[in-house]
Amino acid sequence: MLFPHDWTAWDREDGAAVDAAAVAQLESGGILLFPQLAFEVRAAERDFFVPSMAIAKNVSFDPASGRVGGARATGDEAVALGSWLRRFSDSAAALVDAALPDYRGRLERGRASFRPAEIAGRQTSWRHDDTRLHVDSFPATPVQGRRILRVFTNVNPEGRPRTWRVGEAFDRVALRFHGRFRLPFPLTAAVLRAVRITKTRRSPYDTLMLQLHDLMKADGAYQASAVQTEVSFSAGSTWVAFTDAVSHAATSGQYQLEQTFLLPVEAMLQPEASPLRILERLTRRPLV
């Protein structure tokens, strides 16, 4: 499931890219690993490395507006925090542009985040408990079938790894739970949009992905019995995954940066491997 590359620079100028075979594995649920690709943290930026920097689970950054959310920082500290997250977001964009040239011009950059809290032992509801196996789906920001591509980097200053458990392939997960799916009633998407629960219309695909996220997390027997492998991402490493297809649980670790991108299914090398196409085959109907 891991496909390592020895890159040490975020922006490659030598024309190097990830080979087509690795991209195919990425699209099917593999993880591109860059074990030597560290994100530089400057001396002044080390002040951000306190768990209380985030009001809740993480600090968010919107590269389109420059807005920082969920942080306790104010004034000059908030400006400096935004500049740091902007630098990471730009680095992550340079990485995917260099590593995945087939996606150039098709990726939409979403939000970045800084996660300063220790995962292990964090008290939360089962739905928000990321130590349980799940696939990613966004309740407030429907993706309309687009893939969720994420770049992660472990910036832990004490050299501690970030540990995941990675579960079975998406098609197997979907097959296991699809008998419990419930398609939305007509006009549901319009109502959710009208009352501002969602920022755009929620497609049937988004509805099913949210259900799958919740069904996985709520099923204790599945969490205990599902085939899964523990993976540790060392401090100073970076990894890339389509987290809408990679069944994963983050079980320990502190201080991580993450950048989200959205990719249209038709921009993939193998669209049939997308969660959208897999769910459409199971439900026998178009979902966007």
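Since the model is a prediction, treat every value here as computed from it, not as a measurement.
A salt bridge links Asp130 to Lys217: one of the charged nitrogens lies within less than 4.0 Å of a carboxylate oxygen. Arg127 has a carboxylate O that lies under 4.0 Å from a charged side-chain N of Asp214, or vice versa, which qualifies the two as a salt bridge.
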Would Glu258 and Arg111 satisfy salt bridge (charged side-chain N to carboxylate O under 4.0 Å, His left out), going step by step from the backbone distance to the final call?
CA-CA 8 Å; Glu258 175 272 330; Arg111 295 193 177 195; over 6 Å; no

Run Arg160 and Glu118 through salt bridge (charged side-chain N to carboxylate O under 4.0 Å, His left out) and show every step you take.
CA-CA 11 Å; Arg160 294 176 53 204; Glu118 169 59 54; 2.6 Å; yes

Test log, rule ring-ring contact (aromatic ring centres under 6.0 Å, His included), inputs Phe61 and Phe88
CA-CA 10 Å; Phe61 174 73; Phe88 167 69; 9.7 Å; no

Assess whether side-chain hydrogen bond (donor to acceptor under 3.5 Å, both in side chains) is satisfied between Gln270 and Ser28, documenting all intermediate values.
CA-CA 9 Å; Gln270 43 183 14; Ser28 298; 2.9 Å; yes

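Atom CG of Leu212 is separated from atom CZ of Arg180 by 10.0 Å, given to the nearest 0.5 angstrom. Distance check: Arg146 CZ to Met268 CE gives 14.5 Å after rounding to the nearest 0.5 Å. Of the inter-residue distances, the one linking Thr141 atom OG1 with Leu262 atom CG reads 8.0 Å to the nearest 0.5 angstrom. In this structure, OG1 in Thr188 is found 10.5 Å from CZ in Arg201, a value given to the nearest 0.5 Å.
Considering Thr200, Val143, Thr198, Val288 as possible partners of Asp206, the one that fulfils the side-chain contact (heavy atoms from CB on, under 4.5 Å) test is Val143. The only member of Phe39, Trp84, Phe48 that meets ring pair (Phe, Tyr, Trp, His ring centres under 6.0 Å) when paired with Phe114 is Trp84. Under the side-chain contact (heavy atoms from CB on, under 4.5 Å) rule, Leu32 has a single partner from Val23, Thr238, Leu2, Leu100, which is Leu100.
Surrounding CZ of Arg122 are more than 12 heavy atoms belonging to other residues, nucleotides or ligands, all under 6.0 Å away. Counting heavy atoms of neighbouring residues, nucleotides and ligands inside a 6.0 Å radius, atom CZ of Arg281 exceeds 12 of them.
Judged by distance alone, the side chains of Thr251 and Thr163 never bring a donor and an acceptor atom under 3.5 Å apart. Checked by atom type, the side-chain pair Gln259/Ser89 shows a donor-acceptor distance below 3.5 Å. Side-chain atoms of Ser247 and Glu168 include no donor-acceptor pair closer than 3.5 Å. Under 3.5 Å, the side chains of Thr260 and Arg150 contain a donor-acceptor pair of N or O atoms. Side-chain contact check for Arg162 and Gln256: at least one donor-acceptor pair (N or O, by modelled atom type) lies under 3.5 Å.
The two residues Leu175 and His178 have their closest heavy-atom pair at O-ND1, 3.2 Å. The minimum heavy-atom distance between Gly30 and Phe3, with the atom names listed, is CA-CE1, 4.0 Å. Nearest approach of Ser234 to Pro35, heavy atoms of both residues: OG-O, 4.4 Å. Nearest heavy-atom pair, Ala73 versus Met53, reported as atom, atom and distance to 0.1 Å: CB-SD, 3.9 Å. Of all non-hydrogen atoms in Leu133 and Met216, the two that sit nearest each other are O-CB, 3.6 Å.
Judged by distance alone, the side chain of Asp62 and the main-chain N or O of Arg67 form no donor-acceptor pair under 3.5 Å. In this structure a side-chain-to-backbone donor-acceptor pair under 3.5 Å is missing from His213 to Gln211. The main-chain N or O of Gly75 is never found under 3.5 Å from a side-chain atom of Glu77 such that the two would form a donor-acceptor pair.
Every pair passing salt bridge (charged side-chain N to carboxylate O under 4.0 Å, His left out) that includes a residue from residues 229-252 is listed here, sequence neighbours excluded: Arg147-Asp244.
Phe233 is linked by a ring pair (Phe, Tyr, Trp, His ring centres under 6.0 Å) to Trp164, Trp239, counting only residues two or more places apart in sequence or in another chain. Evaluation of the side-chain contact (heavy atoms from CB on, under 4.5 Å) rule for Arg285 yields Leu183, Pro204, Thr283, Leu287 as partners, not counting sequence neighbours.
Put simply, Trp7 and Phe152 are part of two different groups of oily side chains (I, L, V, M, F, W, Y) that touch within less than 4.5 Å, one to the next. No continuous path of ILVMFWY side-chain contacts below 4.5 Å connects Val173 to Leu210, so the two sit in separate hydrophobic clusters.
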